[in-house]
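Shown below is the structure under consideration.
In what follows, every chain begins at residue 1, and chains take the letters A, B, ... in the order their sequences are listed.
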Number of protein chains: 2
Amino acid sequence: MLPIAGAGTPERADAARNRQKIVHAAAKLVAAKGIDGLALDEVAAKAGVGIGTVYRRFPDKGALAQALLDENEREFQEAFISGPPPLGPGAPAAQRLSAFLEKYVDRLETHGELLMVAETETPMARFVTGAYRLHHSHLVALISEIEPEADAHFRADALLAPLAAAQYAYQRQSMTPEQIKAGLRDLYQRT
Amino acid sequence: MLPIAGAGTPERADAARNRQKIVHAAAKLVAAKGIDGLALDEVAAKAGVGIGTVYRRFPDKGALAQALLDENEREFQEAFISGPPPLGPGAPAAQRLSAFLEKYVDRLETHGELLMVAETETPMARFVTGAYRLHHSHLVALISEIEPEADAHFRADALLAPLAAAQYAYQRQSMTPEQIKAGLRDLYQRT
DNA sequence: TCCTTAAGTGGAAGTTTCTCCACTTAGTTA
DNA sequence: TAACTAAGTGGAGAAACTTCCACTTAAGGA
């Protein structure tokens with residue numbers, strides 16, 4: 001079980017079906033016209049369900065964006081938890097850390113718009129996700145291994161902070177992805 | 001002239017008067033019931049102007065929150081530009097940097113709610129402010145002095161990133177302000 | 001198979017946010 | 001002081017967001 005969704009009572013079959021319909025409809029609409037010009041009632045219409053149903057599954061646009069990112073997030077998690085090195089286990093912690101940050105930048109490049117919506121629709125949305133917690137604890141493990149003395153908890157947040165979608169988009173105005181990667185590497189390598 | 005507002009055509013006298021009325025009304029409402037339960041039409045009613053007028057001055061709640069923070073921001077800017085050391089000129093750059101970060105944390109403690117609204121109402125709102133630019137260029141100057149080789153531009157953003165209101169609020173759930181200050185100090189001192 | 005019940009559904013109705021534009025007024029020019 | 005013009009104004013109305021609840025249905029006993 002991936003830690004993205006908190007599993008309460010399992011969904012009923014019809015509900016799961018509707019969730020799929022909604023996500024598919026949303027994906028199509030996003031592909032067609034971007035995320036910004038996307039209203040939840042439009043999604044409902046396209047999916048052939050009532051607005052209430054959409055709101056029951058996805059409290060806001062951010063939650064829907066998260067759902068659209070779900071598959072990608074899943075792959076990312078598998079890659080750094082159990083995939084091949086240097087991202088996955090097997091490589092030295094420092095290399096894994098570096099690989100993690102670079103992969104994260106790559107994701108921001110390919111899915112920046114969705115990540116932005118997912119993170120900024122609600123203040124602090126980014127942090128209440130299981131995804132953030134997992135990324136954080138992964139970094140804590142790596143940092144503790146590299147530098148046992150450090151305040152790994154804070155350091156992990158500090159490394160993830162520049163990777164907030166909005167912050168990244170801003171930096172991207174004056175830097176290339178490679179420069180940002182270099183900057184991140186620099187940030188933790190000075191040990 | 002402080003760099004907070006981009007000065008286009010100067011405001012007409014009546015418009016400036018209304019801006020004052022709006023800001024005062026907003027300040028009262030915020031004091032009475034917090035920022036969250038505050039609708040712009042309420043502010044308009046309290047200020048005795050039309051909704052359209054409020055929107056002309058302040059495109060959204062974030063802009064209004066910024067206006068409420070204006071005086072505090074002004075004082076902060078004066079303190080690190082021309083105030084007494086260690087925040088202002090006269091102290092070694094490393095000490096000034098440390099003082100800046102600590103002062104920033106203090107502001108987050110006292111004005112966190114308003115800063116949150118100001119920064120998160122619109123994605124990237126934080127970065128388009130003159131305030132952010134000024135903080136950034138101040139840090140760039142200090143960092144370049146401490147460590148001429150570094151990519152001061154990126155480093156400055158990376159130091160400001162954990163000070164985003166939402167990020168800070170999140171970290172505050174598990175750390176004291178002092179721990180955060182220590183973490184920040186740690187972050188740049190490893191030179 | 002029937003009953004029970006808790007989850008799910010739709011969409012009307014209530015909020016809030018924001019735009020738009022016909023009208024008003026401050027400030028300037030002759 | 002009259003005329004001009006560009007900025008400012010107000011609030012109706014459109015659009016989006018969200019809640020609510022009477023009704024429906026799936027799933028799991030008895």
Side-chain angles (χ1 to χ4, degrees), chain A residues 5-26 29-30 32-68 116-123 125, chain B residues 5-26 29-30 32-68 116-123 125:
Chain A
T9 314
E11 254 165 18
R12 235 165 62 175
D14 54 342
R17 220 151 43 223
N18 279 337
R19 153 172 267 124
Q20 285 307 319
K21 286 201 276 181
I22 292 165
V23 170
H24 284 155
L29 284 170
V30 166
K33 17 186 293 192
I35 311 131
D36 288 332
L38 162 145
L40 288 204
D41 51 359
E42 224 183 332
V43 175
K46 181 104 177 178
V49 303
I51 309 170
T53 303
V54 174
Y55 272 89
R56 164 168 275 261
R57 295 295 147 222
F58 306 100
D60 56 38
K61 219 194 283 187
L64 191 48
Q66 259 174 244
L68 293 175
M116 176 89 90
V117 173
E119 291 181 8
T120 63
E121 190 62 25
T122 298
Chain B
T9 313
E11 256 166 17
R12 234 165 61 174
D14 54 342
R17 221 151 40 224
N18 279 338
R19 154 173 265 124
Q20 286 306 319
K21 285 201 277 183
I22 293 166
V23 171
H24 283 155
L29 285 171
V30 166
K33 16 186 295 189
I35 311 130
D36 287 332
L38 164 145
L40 289 205
D41 53 356
E42 226 183 330
V43 174
K46 181 103 176 177
V49 303
I51 309 171
T53 303
V54 173
Y55 272 91
R56 163 166 278 258
R57 295 295 146 222
F58 306 101
D60 57 39
K61 220 195 281 187
L64 191 49
Q66 256 174 245
L68 294 175
M116 177 89 88
V117 173
E119 291 181 9
T120 62
E121 190 62 26
T122 299

| Letter per nucleotide, 5' to 3', of nucleotides 25-30 of chain C [B base touched, S only sugar-phosphate touched, - untouched; heavy atoms, 4.0 Å] | BSS---

| Rounded to the Å, how far apart are B/Arg56 CZ and D/dG11 P? | 16 Å

| Are OP1 or OP2 of D/dG8 and a side-chain N or O of B/Thr53 less than 4.0 angstrom apart? | no

| said: Please find the pair of heavy atoms, one from A/Ala125 and one from A/Glu119, that lie closest to each other, and give the distance. | reply: CB-O, 3.7 Å

| note | Protein-proximity profile, nucleotides 12-20 of chain D, B/S/- by nucleotide at the 4.0 Å heavy-atom cutoff, equals -----SBB-

| query | Distance from A/Thr120 atom OG1 to A/Lys61 atom NZ, nearest 0.5 Å? | reply | 9.5 Å

| request: Identify the two heavy atoms, one from A/Ala47 and one from A/Ile22, that lie closest to each other, and give their separation to 0.1 Å. | output: CB-CA, 3.9 Å

| Length of the line joining B/Arg57:CZ and D/dA7:P, which is rounded to integer Å | 11 Å

| field | Heavy-atom check, side chain of B/Arg57 versus side chain of B/Asn18, under 4.5 Å | value | no

| task | Indicate the atoms forming the closest heavy-atom contact of A/Phe58 with A/Leu40, along with that distance. | result | O-CD1, 4.2 Å

| task | Using whole Å, report how far CG of B/Leu64 lies from P of C/dT16. | result | 17 Å

| note | Taken to the nearest 0.5 Å, the spacing of A/Lys21 NZ from A/Arg17 CZ works out to 7.5 Å

| task | Applying side chain to side chain donor-acceptor pair (under 3.5 Å), name anything that partners B/Asp14, two or more places apart in sequence or on another chain. | result | B/Arg12

| Between CD1 of A/Ile35 and CE of A/Met116, what distance do you get to the nearest 0.5 Å? | 9.0 Å

